[in-house]
Student: 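If you scroll down you'll find the structure; I have some questions about it.
Computed from heavy atoms alone, side chains included, the values below leave out hydrogens, waters and symmetry copies.
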Amino acid sequence: MNTTPQPDPRDRPARLTVGVVGAGRVGPALAASLQLAGHRPVAVSAVSDASRRRAGQMLPDVPVVPPAEVLERSELVLLTVPDDALPELVAGLAETGAVRPGQLLAHTSGRYGAKVLDPALRAGALPLALHPAMTFTGTPVDVQRLAGCSFGVTAPDELRLAAEALVIEMGGEPEWIAEENRPLYHAALALGANHLVTLVAQSLELLRTAGVGAPDRMLGPLLGAALDNALRSGDAALTGPVARGDAGTVAAHVAELREHAPGTVAGYLAMARATADRALAHGLLKPELAEPLLGVLAGPSDAAGGTGDTPGDTT
C-alpha cells in the first residue's frame, strides 16, 4: 500500500490537462483520481448512453466530445477502450493527425505494452502503458479502490519515471512489466480474477439449489480465508477432497453436478484435475490415492473417448 505522504495538489508543478477516449468503467475512474491529484480533466469521448451517464457521474462538467477533439484539448490522453479496438484506434488517430508531438498517450490495456502505440510515437507522442490490476464497477467506489492498486507499467526507459509518477498520483503502486511479458501478465490476471467470478457465481447458484438461504453469507468468510491462505502460502494452502485424495467424495460431487447443474461439470473436472496435479507435485496428495482420484476425474465418457463433461451431458 502506498503510504508516502502526498503534497497539496496546488503545490505541485506540471499539472496536466487530461482527456479520456472511451468512457467505459476504467477511464473516468482514472481521470477522477488524477483530478484529485491536481490534474484537470478537460474532455471525454463517449458513444453509448451508458458511457455518457458514467462520464457525467464520474467527471461532472467535463464536456463529451469526439476522440480527435479530446486529443486536441489534452496534454495527457487516456485511451481506455477494449483491447481488440486499441490498435485500430491508435492507427486512426495517428493517420488523421490528431496526435501532437510531446503529447502523453497512455493506454490501459493489460494485453499490450507500449509497442501498440508505435503509430502515435512516430507522430511524436510519448507512449505509456498503465494497466490497473483491478476490477471496475463504473461508479465512484472505483476511485477509492485505486489506493494501493498495482499497475502493470510499460514504457520507454526515458518515460519510466513519468509513468511511475502518474501511477503513484492515482494512488497506485507501479509494477514494471517487460513488453514481451505483457500477454502472460494479462493472462495471469484474467485466470485469477475473471475465472474467480465465474466460480463464485456457480457456487452461489449451487448453494441456493441445495436450499441455503444466504449463500453469500456462507461463502464470504470461507472464500476470504481461502484467498488469504493462498496469497500467503501458495499451494501449501490446498485443502479439500481432491488434495486429500477422497475419490469417493469427488465421485459423489460429479454425480450431483451432472444431475442438478450439468453446465458446471466441465469446470469442476478441469479445476479438480489441476488441483490434483498441484497437490501431487507438492507432496500434499499421496501417490497411492492419486490413481483412483484421477480415474474419477477422467470420467466414464472420457475413458471411452467422449467428452463427458460438456454442458447437458447427464450420463
Student: Considering residues at least two apart in sequence or located in another chain, which fulfil the salt bridge (Lys or Arg N to Asp or Glu O under 4.0 Å) criterion with E69?
Tutor: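 In terms of salt bridge (Lys or Arg N to Asp or Glu O under 4.0 Å), with neighbours along the sequence ignored, E69 is linked to R73.
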Student: Taking everything shown except E288 itself, do over 12 heavy atoms lie less than 6.0 Å from its CD?
Tutor: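 Counting other residues, nucleotides and ligands, CD of E288 exceeds 12 neighbours.
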Student: Could you tell me which residues satisfy salt bridge (Lys or Arg N to Asp or Glu O under 4.0 Å) with K286, sequence neighbours excluded, listed by chain and number?
Tutor: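 Salt bridge (Lys or Arg N to Asp or Glu O under 4.0 Å) check on K286 returns nothing, list empty.
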Student: Side chain to side chain contact (heavy atoms under 4.5 Å, CB included) with L128: which of T154, L166, L79, L105?
Tutor: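 The passing option is L166.
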Student: Answer yes if the side chains of S150 and E173 hold a donor-acceptor pair under 3.5 Å, and no otherwise.
Tutor: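 Side-chain D/A pair, S150 to E173: absent.
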Student: With sequence neighbours excluded, what pairs up with Y268 under the ring pair (Phe, Tyr, Trp, His ring centres under 6.0 Å) test?
Tutor: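 With sequence neighbours excluded, Y268 shows a ring pair (Phe, Tyr, Trp, His ring centres under 6.0 Å) to H253, given in chain and number order.
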Student: Using the salt bridge (Lys or Arg N to Asp or Glu O under 4.0 Å) criterion, which residues pair with D246? Sequence neighbours excluded.
Tutor: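 Only R244 meet the salt bridge (Lys or Arg N to Asp or Glu O under 4.0 Å) criterion with D246.
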Student: Which atom pair, heavy atoms only, marks the closest approach of V18 to S74?
Tutor: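 Of all heavy-atom pairs spanning V18 and S74, the closest is C-OG, 3.7 Å.
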Student: Looking at E180, I'd like to know if its CD atom is crowded, meaning that more than 12 non-hydrogen atoms belonging to other residues, nucleotides or ligands lie closer than 6.0 Å.
Tutor: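 Counting other residues, nucleotides and ligands, CD of E180 exceeds 12 neighbours.
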Student: Mind checking who shares a hydrophobic cluster with I177, ILVMFWY linked at side-chain heavy-atom distances under 4.5 Å?
Tutor: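 When side chains under 4.5 Å apart are linked, the cluster holding I177 also contains Y185, L189.
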Student: Show the nearest heavy-atom pair for residues V143 and A29, with the distance to one decimal.
Tutor: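 Minimum heavy-atom contact is CG2-O, 3.8 Å.
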Student: Which residues pass the salt bridge (Lys or Arg N to Asp or Glu O under 4.0 Å) test with D118, not counting sequence neighbours?
Tutor: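 So D118 forms a salt bridge (Lys or Arg N to Asp or Glu O under 4.0 Å) with K115.
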Student: Would you say N194 has more than 12 foreign heavy atoms packed within less than 6.0 Å of its CG?
Tutor: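 More than 12 heavy atoms, drawn from other residues, nucleotides or ligands, come within 6.0 Å of this atom.
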